[in-house]
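Only this structure's heavy atoms are used, side chains among them; waters, hydrogens and symmetry mates stay out.
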Number of protein chains: 2
Amino acid sequence: MGTNTDATATLHEEVVARLREMLIEGVIPPGARIPERDLCRLFAISRTPLREALKVLAAEGHVELLRNRGARVARLTSRDLRELLEVCAGLEAIAGELACQRVSDAALARIEALHAEMAAHHRSHDLPRYYQCNRQIHEAIVRAAGNAALAAMYDAVNARIRRARYLAPMPPAHWDLAMREHEGIMNALVRRDGAGLAHILRRHLDNKFKEIELAGFAESEAAASSPARRTEPGQANGRRHVAR
Amino acid sequence: MGTNTDATATLHEEVVARLREMLIEGVIPPGARIPERDLCRLFAISRTPLREALKVLAAEGHVELLRNRGARVARLTSRDLRELLEVCAGLEAIAGELACQRVSDAALARIEALHAEMAAHHRSHDLPRYYQCNRQIHEAIVRAAGNAALAAMYDAVNARIRRARYLAPMPPAHWDLAMREHEGIMNALVRRDGAGLAHILRRHLDNKFKEIELAGFAESEAAASSPARRTEPGQANGRRHVAR
DNA sequence: GACGTGTAATTTGCATGCAAAATGGACGCG
DNA sequence: CGCGTCCATTTTGCATGCAAATTACACGTC
């Protein structure tokens, strides 16, 4: 995302990368307050580069900055998830359209191979590996569009919804449907049917949202942000702050 | 973009807003180096909040940060323009699709009014006012999609291409075509033809790119970033740095 | 004059210090 | 017991200072 090609990063860049990974992976629970002091200790740096890193992560939507009240890990509400999946659908749709014009034979062959592998994981009911191939396919299509800005935005959006999208359990019926949709995706791509591919991708993601919604994914507590607290779902412990 | 509702901003927020506006409007020439010192004087603040602001603007793509070498105003290359217009097309397409499902009667009426006004400006060959309506229409469609994340990303992408998109001269033939496309856009929206609207919007922006390209818009100097310098196109003077 | 070299001045990256705002209780009142 | 107030503590926002990296430039060589 930066414009630097160098390998050795500055402190704030390092922290942006590491903290972003932690936030994406959910190491720090969504909604948790993250006092600068704690993060300074965690990364062993002073507040100056840390604050710079937080500003960047806030711009990316990973944390929320509350004036004079510090940062907290952004929560993915049901509404956020819908909105981001809709954005994702728009990006994948245009990517598919462009990919049909620009995909190289090598890239197409790789996508076909990934698709075959994914189908195998579907048949053997290996959801984690299925998701891994699935994600690689979607990302490969976006890369095949030959548009760096599009790819960067796609990655940024997906980072926010990654766990919801690629960790959610899928009932067999949905899984079968998703697999059939992917057959259609491959078909359209091979036939270079941009409009068709865009259409399928949009519907594919629409179904994905409905499925996650039905599975009851939600990082948000009660609508009000009052201190009334419940146990954090999907969280090993109820800590509110990063370990110090 | 921030999560704060308050009116009084902190220094770095204030600077982000003001500097962003300057960058979008091209007050500081693209490609210009912007030493922190100068900006500190300009805004009468210390380097700490200024640097935080620069990090945010870099994340938004308005400036480039060069490790140990400060910031410079991002330049919009022809490739950047193509990529961002393609992203924009994807976002507008999905927005159109969603808007067809969700647009309120009031919002639709406003868009129709804007369209009528724009058509009048087209007839009277008033390009600035035409562009003003044009932009409001596109933004209104995006707003009508009922998706805040989509709207925010749309605004961010458009900020980077605003001058190219809404200041470029248009030969009559292109202008007439654009106007006809807008008739189609209105038509599809009124008929709630999401797929059709998405299709027209994508083609509309594709044509827009071709048109700007033909007009020879480019903020980039010679491909190499060597110190060989020419006069900065579209710039009142050849300054390399912000006024001090 | 073109071009490399060494050094001074500038600029960046980061740590630290201080004032203002927010937080957390202790206390008093209804 | 619930609830508002006041004050000590913590936390944030910003300015400043210092070391490292970069830049500018004078000088010497070809």
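- Separating the CZ atom of B:Arg67 from the C1' atom of D:dT22 is a distance of 14 Å, rounded to the nearest angstrom.
- Annotation for A:Glu211 and A:Ala168: closest pair OE2-CB, 4.4 Å, computed over non-hydrogen atoms.
- When the side-chain nitrogen and oxygen atoms of B:Arg51 are compared with OP1 and OP2 of C:dT12, none of them lie within a distance under 4.0 Å.
- Atom C1' of nucleotide D:dT11 and atom CG of A:Leu54 are separated by 13 Å, given to the nearest angstrom.
- Take the nearest nucleotide of DNA chain C for A:Ala44 and for A:Asn68: the residue whose nucleotide is more 5' is A:Ala44.
- Taking atom CZ of B:Arg33 as the reference point, atom P of C:dT11 lies 10 Å away to the nearest angstrom.
- A straight line from CG of B:Asp38 to P of C:dT11 spans 7 Å, rounded to a whole angstrom.
- A:Glu36 has its CD atom 15 Å from the P atom of C:dT16, to the nearest Å.
- For A:Pro169 against A:Leu127, the heavy-atom pair with the smallest separation is CA-CD2, 4.0 Å.
- Residue-level contact check: A:Thr10 touches the backbone only, with heavy atoms under 4.0 Å from sugar-phosphate atoms and none from bases.
- When all heavy atoms of A:Ala74 and A:Arg160 are compared, the pair lying nearest together is CB-NH2, 3.9 Å.
- Put simply, the residue from A:Arg165, A:Arg82, A:Glu83, A:Glu86 that forms a side-chain contact (heavy atoms from CB on, under 4.5 Å) with A:Phe209 is A:Arg82.
- You won't find any donor-acceptor pair under 3.5 Å spanning the side chain of A:Arg69 and the base of D:dG13, going by distance alone.
- One can place CZ of B:Arg37 at 15 Å from C1' of D:dA15, the figure rounded to the nearest angstrom.
- Distance B:Leu66 CG to D:dT23 P: 9 Å, rounded to the nearest Å.
- The nearest heavy atom of DNA chain D to B:Glu52 and to B:Arg47 marks one nucleotide each, and the one closer to the 5' end goes with B:Glu52.
- Residues B:Gly70 and A:Ile45 both approach DNA chain C. Their nearest nucleotides, taken by heavy-atom distance, put B:Gly70 toward the 5′ side.
- Between B:Ser46 and D:dA15 there is a side-chain N or O to OP1 or OP2 distance below 4.0 Å.
- Here B:His12 does not reach the OP1 or OP2 of D:dG13: none of its side-chain N or O atoms lies under 4.0 Å away.
- Going from atom CG of A:Leu11 over to atom P of D:dA19 covers 17 Å, rounded to whole Å.
- Below 30°, between 30° and 60°, or above 60°: for B:Tyr131 and B:Tyr166 the angle between ring planes is above 60°, a perpendicular geometry.
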